Each structure stands twice: as structure tokens, then as C-alpha cells.
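Ligands are counted one by one from 1 in listed order, and the atoms in each one are counted from 1 as well. Since we're looking at a predicted model, the values are computed, not measured.
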Amino acid sequence: MAAVTTDVRMRGFARRHTVENALALLDAHLHPLSTELCPLPRANGRVLADDIVSGVDVPGFDRATMDGYAVVAVSTDGATPYTPLTLTVIGESLPARPFDEAGAIAPGEAVRIMTGAPLPSGCDAVLPAEWVEGDFASSQVAAVASVSPGKNVGRIGEDITRGTTVRERGRMLRPQDLGVLSSIGVGQPRVIRQPRVRLVVTGNELLPAGSSPRGHSIADANGPMLSALAERDGGLVDFPGLVSDEPDAILQALRCDAEIVIVSGGSSVGVEDLAPTLLATHGELWVHGIAMRPSSPTGFGKLGASLVFLLPGNPVSCLCAYDFFAGRAVRALGGRPKEWPYRSMAATLSRKISSQIGRLDYARVRIVDGHVEPLAIGGASVLSSTTRADGFVVVPGDSEGFAAGSDVNVWLYA
Ligand code: AMP
Ligand code: MG
């Protein structure tokens with residue numbers, strides 16, 4: 001009996017998938033969700049489902065880009081501080097309150113104008129206020145400099161011409177995009193739905209995040225970390241609370257209408273690792289056991305309509321497995337690029353990183369004086385290694401590692 005228990009508790013897999021193979025299996029199930037209309041004030045970070053084509057010109061009228069006097073440019077020809085030219089002020093044009101014109105203005109006449117106000121017809125330039133002498137209220141002023149046609153005038157369609165595609169589908173909207181959409185009258189762009197992400201954080205030893213660890217209980221590190229990761233990737237997180245290591249409790253938590261379910265803990269092959277068996281029994285377990293370190297006890301599959309990810313409880317493994325698999329799904333279902341949202345940089349290794357052929361390694365590193373320094377870390381349970389780290393280096397499965405002095409690619413934690 002004891003021997004059987006030891007055997008069963010061993011964290012070994014008869015067979016492990018390579019990371020590439022696991023990703024290929026996963027990718028076959030990753031398709032963007034349906035679309036919805038989203039009011040602009042809530043559209044930041046959302047992914048456009050359609051190209052946005054402008055139906056209008058911006059601006060829709062010629063306008064002043066400086067405060068001053070709208071003129072016929074030729075009437076300022078030759079004006080200098082020594083040879084000022086008199087202009088007759090015949091009215092004013094303010095934003096949304098154009099010059100009330102009887103006809104086009106003539107050379108020698110000027111209309112006082114504010115930035116953004118419509119250019120009166122017949123004018124082709126704006127003489128800035130600082131190039132004009134005379135009282136702002138008076139009906140005669142003197143030009144002390146000349147302007148060429150088109151000067152200080154914003155032309156119709158100069159910003160956006162009707163018919164222009166201002167943003168393409170698949171684009172993540174940024175704050176300035178919302179401004180552009182608003183300026184062309186798009187108040188509710190069509191966007192890809194955000195995936196709902198249910199977190200199932202398991203472990204009898206866990207206390208809710210924020211509790212002080214006591215006795216043999218530990219505070220949940222993965223719940224807050226996974227919430228933040230899934231939100232970063234565009235997921236709508238639903239985290240109903242910690243789940244005990246009981247099959248019924250886990251199964252109940254797994255069954256939901258979220259597109260993605262992320263389980264933390266109990267993902268290996270020990271007697272308390274219930275999630276893989278539950279998933280295989282009630283749904284489908286496509287992959288279980290991956291040739292990588294950390295995170296080898298990772299799995300994924302499907303239950304009902306939900307994609308289910310089984311992530312190891314060790315916090316570093318949990319983070320790594322999220323980044324490789326679950327995060328990819330959150331991003332892809334929401335229409336974002338599948339790739340990591342991390343910036344990367346090339347730099348030289350100050351010490352070697354060793355790895356075994358046949359296993360991908362996720363090595364936490366620091367950047368010290370422009371060099372990449374691997375962190376000396378015992379194991380996957382040392383989460384603070386990831387907060388000390390600036391990023392990580394991936395050693396591919398077919399590599400024995402990198403020698404000191406070699407150039408490596410570092411992914412910088414966002
Ligand atoms: P498990 O994957 O459930 O076997 O857990 C592996 C290790 O990670 C154990 O030491 C657990 O106590 C620890 N662990 C599991 N879940 C969490 C969590 N949510 N936060 C912090 N540590 C955890
Ligand atoms: Mg556990």
C-alpha cells in the first residue's frame with residue numbers, strides 16, 4: 001500500500017508534451033469571440049472588430065490655426081515694421097460663430113479671428129495677432145509682416161479626409177484613438193467581446209489574499225496575481241473565492257459560463273491533484289504534463305464550452321504556465337495578438353544558464369549594468385524571484401543552455 005502511495009504521489013508523467021506541441025494543440029482552439037458595440041468612454045484597450053472608415057472630413061471647414069486677422073494674403077505683401085500696411089477690420093469670426101458675411105472680403109480688409117473659427121470666404125491666410133499693430137477693438141489696424149496664401153489656415157480634410165481608414169480591425173484602441181473616433185462621429189465602435197475568465201484557486205492550506213499566514217496555512221498568492229494577469233490581457237475576471245481540495249467543490253467551481261477557466265493548484269499527478277482527473281472524466285483533458293521548467297505539471301482541455309487551464313500551485317510555475325498557455329488564450333479570444341505583451345531586448349549573459357536537452361527553461365534574470373544576470377533560485381516556490389527579476393530568458397527545448405558571454409533575448413516583465 002505504502003509503495004503504491006509513493007508511486008502515485010510521485011510528480012512524474014509517463015509522457016510530456018513539448019511546449020511547441022502543446023501550443024499547437026492549444027492554438028487550434030483559439031478563435032476571437034463574437035463582437036459587440038462599446039461606448040467610447042469604455043473602449044480604451046478594446047480590440048476593433050471592423051475597419052473604421054471616416055464618413056466626414058476633419059476639419060469640415062477651413063479654419064484659423066492662430067488668433068489674429070483673416071486676410072487676403074496679397075494685401076499684406078510688403079508689410080514690415082517700417083512699412084506697415086493699413087487693414088480695415090470689418091468684423092470677427094469666433095469658433096462656431098462665423099463672420100456674418102454679405103460677400104467675400106476684399107484686399108485691404110480683415111476679419112478678427114480666433115483659433116478654430118471658420119475662415120471667411122475670400123480669405124486665404126491668417127495674420128497672427130502679434131504681427132499686427134493697433135487696438136484689438138479698433139476698426140483699423142496695421143500689418144507689420146506679410147503672410148503667404150494658406151498660412152495659419154487649417155484646410156478642410158487636412159486632419160482626416162472622408163473615406164480614409166483611420167484604424168484597422170484587430171487594433172487595440174488607445175486613448176488617442178478614442179479621440180480620433182469621436183472626431184469622426186463614431187461613438188460606439190464595434191469591438192471583440194472580452195473573454196470571461198473564471199479563477200478556481202484550490203488548496204486547503206490557503207487563506208484569502210491579504211490574510212497573515214498562520215500555523216500551516218499560507219496566504220493565496222496566485223489569486224491576485226492571476227486576476228491582474230488576466231485583466232492585463234483583456235479578460236473579465238470572475239474570482240468567487242478559494243476552493244478546497246474536494247472533488248465536488250472543484251467540479252462545481254469549474255462549471256460556469258466563462259469562456260476560460262483557470263485552475264490554480266492540484267494540477268499534477270499526486271493523490272491530492274484532483275483537477276486533471278475531474279477534467280478528464282467530465283470534459284476533455286487534451287494536454288497534461290509539459291517538458292518545461294518550471295510548470296511541467298500544467299494541463300489544459302475543455303469542460304462544456306469553457307477552455308480549462310490547470311496551472312501548478314507553485315507561484316512561479318503558476319505565473320510561467322499562465323504566460324505560456326492561459327494568457328495566450330485570454331489574449332486570442334479577446335482578439336489581441338497571441339504573443340506576449342512583453343517588450344524584449346538583446347543583451348549579454350554575465351553567467352551561464354544551463355538547461356537539459358528536451359526541456360524548455362524559463363530563467364528569471366536581472367539586468368545589471370546592461371548585462372543579463374541569471375537569478376540563483378532554488379525552485380518554483382520562490383515567487384519573490386520574479387519580483388526581483390526584471391524579466392526572463394527562455395531556453396528552448398533543444399538547447400543545453402547559454403554560455404556566459406553569449407547574447408540572449410530577455411523578455412521584460414511589464
Ligand atoms: P499544488 O500545485 O497544489 O501541489 O501546490 C504546490 C505548492 O504551491 C504547495 O506548496 C502549495 O502550498 C503552493 N500553493 C498552491 N496554491 C497556492 C497559492 N494560491 N498561493 C501560494 N502558494 C500556493
Ligand atoms: Mg494544492
Side-chain angles (χ1 to χ4, degrees), residues 5-13 16-17 22 197-232 235 237-254 260-280 285 287-301 308-327 330 362 364 377-389:
T5 310
T6 311
D7 248 38
V8 171
R9 292 188 65 92
M10 218 174 58
R11 297 210 150 196
F13 290 83
R16 285 185 166 87
H17 291 264
V197 180
R198 155 72 61 99
L199 300 184
V200 180
V201 178
T202 70
N204 289 337
E205 74 280 34
L206 299 179
L207 299 169
S211 315
S212 293
R214 57 178 180 268
H216 296 118
S217 295
I218 63 170
D220 166 30
N222 295 344
M225 180 175 70
L226 289 170
S227 294
L229 286 164
E231 271 171 18
R232 175 197 72 188
V237 174
D238 163 35
F239 181 13
L242 299 170
V243 177
S244 60
D245 291 313
E246 311 288 339
D248 292 345
I250 297 174
L251 190 59
Q252 200 189 333
L254 286 178
I260 295 177
V261 175
I262 300 179
V263 182
S264 149
S267 70
S268 192
V269 292
V271 284
E272 269 158 24
D273 295 311
L274 304 163
T277 309
L278 286 170
L279 187 55
L285 181 62
V287 166
H288 190 213
I290 301 177
M292 64 192 296
R293 191 178 74 172
S295 313
S296 71
T298 296
F300 56 83
V308 181
F309 293 87
L310 310 178
L311 311 188
N314 261 321
V316 180
S317 310
C318 184
L319 171 63
C320 171
Y322 175 88
D323 265 347
F324 270 87
F325 305 103
V330 177
Y362 171 91
R364 276 80 74 211
I377 22 172
S381 56
V382 185
L383 180 60
S384 62
S385 67
T386 57
T387 49
R388 275 181 284 129

In Å and rounded to the nearest 0.5 Å, what is the [atom1] to [atom2] distance from [X] to [Y]?
X	Y	atom1	atom2	answer
S385	R364	OG	CZ	4.0 Å
H216	N204	NE2	CG	14.5 Å
N222	T202	CG	OG1	9.0 Å

| Are F309 and F300 close enough that their ring centres sit under 6.0 Å apart? | yes
I'd like to check whether [X] has a polar contact with ligand 1, where a contact means an N/O of the residue lying under 3.5 Å from an N/O of the ligand.
X	answer
D220	yes
P315	no
G265	no

| message | Check contact between G223 and ligand 1, using heavy atoms of the residue and a distance below 4.0 angstrom. | response | no
| task | Starting from the C-alpha separation in whole Å, work towards a yes-or-no answer on side-chain contact (heavy atoms from CB on, under 4.5 Å) for V308 and L254. | result | CA-CA 8 Å; V308 181; L254 286 178; 4.1 Å; yes
| request: Heavy-atom distances under 4.0 Å are what count here, so tell me which part of E205 touches ligand 1: side chain, backbone, both or neither. | output: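 Contact part for E205 vs ligand 1: side chain (C-beta onward).
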| remark: Min over G266, P312, S268 of heavy-atom distance to atom 3 (O) of ligand 1 lands on G266
| Where the closest heavy atom to atom 18 (C) of ligand 1 is concerned, which of L310, N222, D273 has it? |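 The option holding the nearest heavy atom is N222.
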